Amino acid sequence: MDVTKGLNDAQKSAVLHESGPLLILAGAGSGKTKTLTHRIAHLVANQGVWPNEILAVTFTNKAAREMRERLAQLTGQPNTRGFMPWMGTFHGICVRMLRQDGAAIGINPNYVIYDEDDRQGLIKQAMKQLSIGTDKIKPRTVSAAISNAKNELVGPSEYNEAAHYPQQQAIAKIYERYESMRKQAGALDFDDLLIETVRLFRESDDVRRKYQTQFRHILIDEYQDTNAAQYAIVKSLVNNDKNICVVGDDWQSIYSWRGADFKNILNFERDFPGALVVKLEQNYRSTEAILEAAHNVITKNVERTDKKLWTEVGAGAPVQVQATYDEAEEAYAVASRVSAQVAIGARGYGEFAVLYRTNAQSLAFERAFMQHRVPYQLIGGTRFYDRKEVKDILAYLRLVYQPNDRMSFSRIVNVPTRGVGATSFEKFMLWQNQSGMDIIAALVNTEQTNTLTPRAKQTLSALGDKLRHLQVMVQAEAAPADIIERLIEVIGYRDYILDGTPQAEDREANIGVLVSDAKSFTSLPDFLEEVALMSSFDTGSDEQKVTLITLHGAKGLEYPVVFMVGMEDGLFPSLRALEEGPKQLEEERRLCYVGMTRAREELHMLYAQSRMQFGQRGYSQPSRFLEDMGHIITSRPAFMAPQLNEFDEFVMDYEIGDRVRSLQFGSGEIVDVDGMAVTVRFESGTSKKLNVEYARLEKL
């Protein structure tokens with residue numbers, strides 16, 4: 001069969017390569033999946049290679065399903081489970097190998113697989129046996145450390161030898177006990193699937209040779225994302241013919257925090273001398289303007305391969321950079337542009353995507369889209385007010401505002417962990433209901449009940465004292481942001497969420513955005529009302545929705561119009577990357593390249609000159625990546641900054657009767673002025689009392 005139909009010269013060269021190692025450097029949008037699929041089809045249809053003699057590794061099950069479907073169509077084979085039996089993810093393939101041959105290293109073929117919840121549950125048991133309290137170190141922290149160690153092929157003894165600090169030494173003890181308990185249970189966790197396969201090939205020559213003989217051809221997709229364990233598996237399986245084909249792009253390696261090592265692809269020619277290198281440089285996705293700007297950014301990296309993408313799509317519109325005053329105006333600018341384009345029939349909502357560095361940035365866009373009635377979808381995340389850490393804090397606020405809120409109390413009674421068991425909780429609630437006291441009053445007076453243990457009484461009473469303190473702030477009409485900040489402090493919530501996992505920084509950032517969001521409000525009832533409206537906003541059932549997604553989540557996707565937002569030093573590139581040095585900065589630059597090359601027709605880069613974080617307004621410089629891009633079109637902020645005097649203090653400049661516009665709530669009229677607060681009756685019919693220093697009202 002002719003498998004080269006529709007391929008360019010470089011793709012044909014890769015597809016028809018006869019034998020020996022092959023490195024396909026596939027630039028963004030260059031048709032790598034098509035090339036890989038056609039190569040497999042060529043091996044099966046034209047080279048006499050049986051499907052079960054091919055090991056084809058993808059990084060997601062979805063990618064494997066799509067590739068199998070394409071292959072079935074190309075080769076005319078039925079798309080059954082038996083077709084391409086060794087096509088799948090590393091984990092899926094390792095599961096099968098260990099079931100079949102794990103007994104060679106003492107693994108029972110009936111092993112069970114522990115997911116993350118199972119692993120953390122077993123870690124808690126290990127900690128209990130070792131008398132290490134979860135208040136000292138979080139099970140999630142231990143789990144993340146164990147996972148990182150396993151992916152680097154570091155066992156408990158090696159981890160213990162390298163442990164110098166008390167927390168590392170504690171984790172080493174837990175790691176050792178966890179492994180003992182896991183083996184006793186006849187279980188493997190997800191990381192074990194990889195490292196036990198590595199051990200299988202190292203300790204059993206017979207098994208290794210069996211698979212080396214079986215797999216005449218090995219093909220690995222997204223090779224730049226392989227970690228140490230996956231790299232070792234690949235090296236073990238390659239036979240003397242060295243028919244290994246890897247596809248990837250070091251320019252798009254953005255997962256070092258998951259253990260990926262992009263140097264695996266840079267070192268391929270060292271590992272396999274004489275390898276044919278094919279560069280897929282024709283881009284079928286983006287315009288010349290977008291590719292040129294992205295190229296200018298990525299070539300500032302030192303550790304990289306050399307290639308230059310080109311396209312026949314045409315020059316296209318220049319990449320545009322827009323400066324905005326703050327995060328609210330940034331979101332307003334995007335929402336306004338989307339609304340205008342849809343209104344004139346130029347585009348549909350589904351053609352737009354907003355890409356950001358952290359999930360915490362989504363709130364401003366959720367609010368702006370709600371105001372403009374723009375339907376949106378959050379990909380790979382939950383809406384801001386539905387995130388666990390945000391819902392936790394809001395549950396506390398609702399309880400101190402309405403101390404009979406049983407639902408909120410049931411949510412927070414053990415957040416952070418206090419050791420209040422289900423029995424103690426039920427006994428307390430029964431007594432509280434009979435006492436006639438509200439929940440906070442009952443907590444404060446827990447000593448009066450005789451149905452609880454002394455320890456439970458002490459724990460609940462301490463919680464009551466904290467809630468009463470916050471309740472006094474509410475009764476004194478303290479600002480919502482001040483209440484939240486004090487709440488986070490008295491319950492130790494920041495320590496609770498900073499558990500050492502990769503998600504910890506995102507959780508902390510979300511809490512910071514919540515504090516910043518509350519700054520505009522002068523009363524807790526108004527703030528809670530606004531939150532309720534945001535939480536209940538229906539984005540509509542229309543399939544046409546603007547996509548909100550992180551830059552990491554956008555890899556592999558594409559959109560006609562892309563807005564990359566938050567392009568500021570300290571946010572993107574992240575502050576951590578700036579502090580840790582060139583290696584991390586180069587990964588951030590690769591992430592920027594990935595984001596830019598998601599755009600097909602239009603690319604807009606936006607940055608805020610100031611941004612609220614944890615209730616404090618900070619001022620930042622535009623991202624250094626913007627300067628890297630070269631010739632661009634720049635537009636200035638549409639809104640004026642708040643008036644400041646010579647001491648950088650806010651100057652009150654609003655009077656009753658002034659017509660104003662809020663980026664959050666729309667247009668309205670000031671009906672009352674009270675110190676630094678104004679009450680605005682908005683055209684929507686609602687009235688809000690706002691702190692003008694933070695609400696950013698524009699006079700009309």
Side-chain angles (χ1 to χ4, degrees), residues 3 12-26 32 35-58 67 71 84-90 92-105 153 193-248 261 263-279 305:
V3 295
K12 290 178 184 177
S13 174
V15 166
L16 299 177
H17 176 64
E18 289 294 330
S19 61
L22 170 63
L23 169 60
I24 303 175
L25 292 174
K32 73 176 180 66
T35 304
L36 189 61
T37 306
H38 280 245
R39 175 163 178 76
I40 297 174
H42 174 62
L43 293 173
V44 173
N46 301 331
Q47 298 297 304
V49 181
W50 289 96
N52 68 341
E53 296 177 318
I54 297 174
L55 175 65
V57 184
T58 64
M67 189 175 292
L71 276 169
M84 297 303 299
W86 292 98
M87 173 178 283
T89 65
F90 272 105
I93 287 166
C94 288
V95 166
R96 185 172 178 186
M97 289 177 169
L98 291 172
R99 294 271 189 224
Q100 291 184 3
D101 298 287
I105 56 171
L153 301 178
L193 297 175
L194 299 179
I195 65 172
E196 291 294 358
T197 303
V198 172
R199 187 166 72 90
L200 174 64
F201 293 150
R202 287 178 176 174
E203 297 183 8
S204 175
D205 291 338
D206 289 343
V207 173
R208 187 183 69 255
R209 282 194 291 265
K210 165 191 167 183
Y211 285 110
Q212 285 179 339
T213 302
Q214 177 175 343
F215 297 134
R216 293 173 57 190
H217 285 268
I218 298 172
L219 301 98
I220 314 291
D221 194 12
E222 304 286 8
Y223 193 64
Q224 77 281 351
D225 292 333
T226 51
N227 60 27
Q230 292 161 341
Y231 176 76
I233 290 169
V234 173
K235 291 276 287 183
S236 297
L237 289 172
V238 177
N239 59 31
N240 291 333
D241 293 332
K242 293 183 170 55
N243 288 329
I244 178 171
C245 167
V246 302
V247 184
D261 187 354
K263 289 187 178 179
N264 289 344
I265 196 168
L266 295 182
N267 293 334
F268 185 82
E269 292 176 85
R270 180 204 66 186
D271 294 338
F272 301 98
L276 173 66
V277 179
V278 176
K279 297 180 182 179
T305 55

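Predicted model only: the values in this text are computed from it and were never measured.
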All side-chain hydrogen bond (donor to acceptor under 3.5 Å, both in side chains) counterparts of Gln212, not counting sequence neighbours: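 Gln212 satisfies side-chain hydrogen bond (donor to acceptor under 3.5 Å, both in side chains) with no residue once adjacent residues are dropped.
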Criterion side-chain contact (heavy atoms from CB on, under 4.5 Å) on Thr213 and Asn239, from CA distance to verdict: CA-CA 7 Å; Thr213 302; Asn239 59 31; over 6 Å; no
Side-chain donor or acceptor of Arg39 paired with backbone N/O of Cys245 under 3.5 Å: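 Pair absent, no side-chain N/O of Arg39 close to backbone of Cys245.
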Do you know which of [options] makes side-chain contact (heavy atoms from CB on, under 4.5 Å) with [X]?
| X | options | answer |
| --- | --- | --- |
| His17 | Val278, Leu22, Ile24 | Leu22 |
| Phe90 | Val95, Val57, Leu193 | Val57 |
| Leu23 | Thr305, Ile265, Asp271 | Ile265 |

Test side-chain contact (heavy atoms from CB on, under 4.5 Å) applied to Leu219 and Val247, step by step: CA-CA 8 Å; Leu219 301 98; Val247 184; over 6 Å; no
Val207 vs Met97 side-chain heavy atoms within contact, under 4.5 Å: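 No, side chains not in contact.
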pair Phe201-Lys235: side-chain heavy atoms closer than 4.5 Å: no
Does [X] have any side-chain contact (heavy atoms from CB on, under 4.5 Å) partners at least two apart in sequence or in another chain, and if so, which?
| X | result |
| --- | --- |
| Asn243 | Ser19, His217, Asp241 |
| Arg199 | Ile105, Ile107, Glu196, Glu203 |
| Lys263 | Asp261, Leu266, Asn267, Glu303 |
| Ala275 | Pro21, Phe268 |

By salt bridge (Lys or Arg N to Asp or Glu O under 4.0 Å) - contacts of Arg209 (at least two apart):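 Partners of Arg209 by the salt bridge (Lys or Arg N to Asp or Glu O under 4.0 Å) criterion, ordered by chain and then number, come out as Asp206.
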Gap between atom CG of Leu16 and atom CG of Leu43 - 0.5 Å precision: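 Leu43 atom CG to Leu16 atom CG measures 10.0 Å (nearest 0.5 Å).
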Rounded distance (nearest 0.5 Å) linking atom CZ of Arg216 with atom CG of Asn52: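 Arg216 atom CZ to Asn52 atom CG measures 10.5 Å (nearest 0.5 Å).
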Residue Gln100 excluded, over 12 heavy atoms near CD under 6.0 Å: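 Count over threshold, so yes.
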Worked verdict on Lys12 versus His38 for side-chain contact (heavy atoms from CB on, under 4.5 Å): CA-CA 9 Å; Lys12 290 178 184 177; His38 280 245; over 6 Å; no
Stepwise side-chain contact (heavy atoms from CB on, under 4.5 Å) test for Ser204 and Asp101: CA-CA 10 Å; Ser204 175; Asp101 298 287; over 6 Å; no
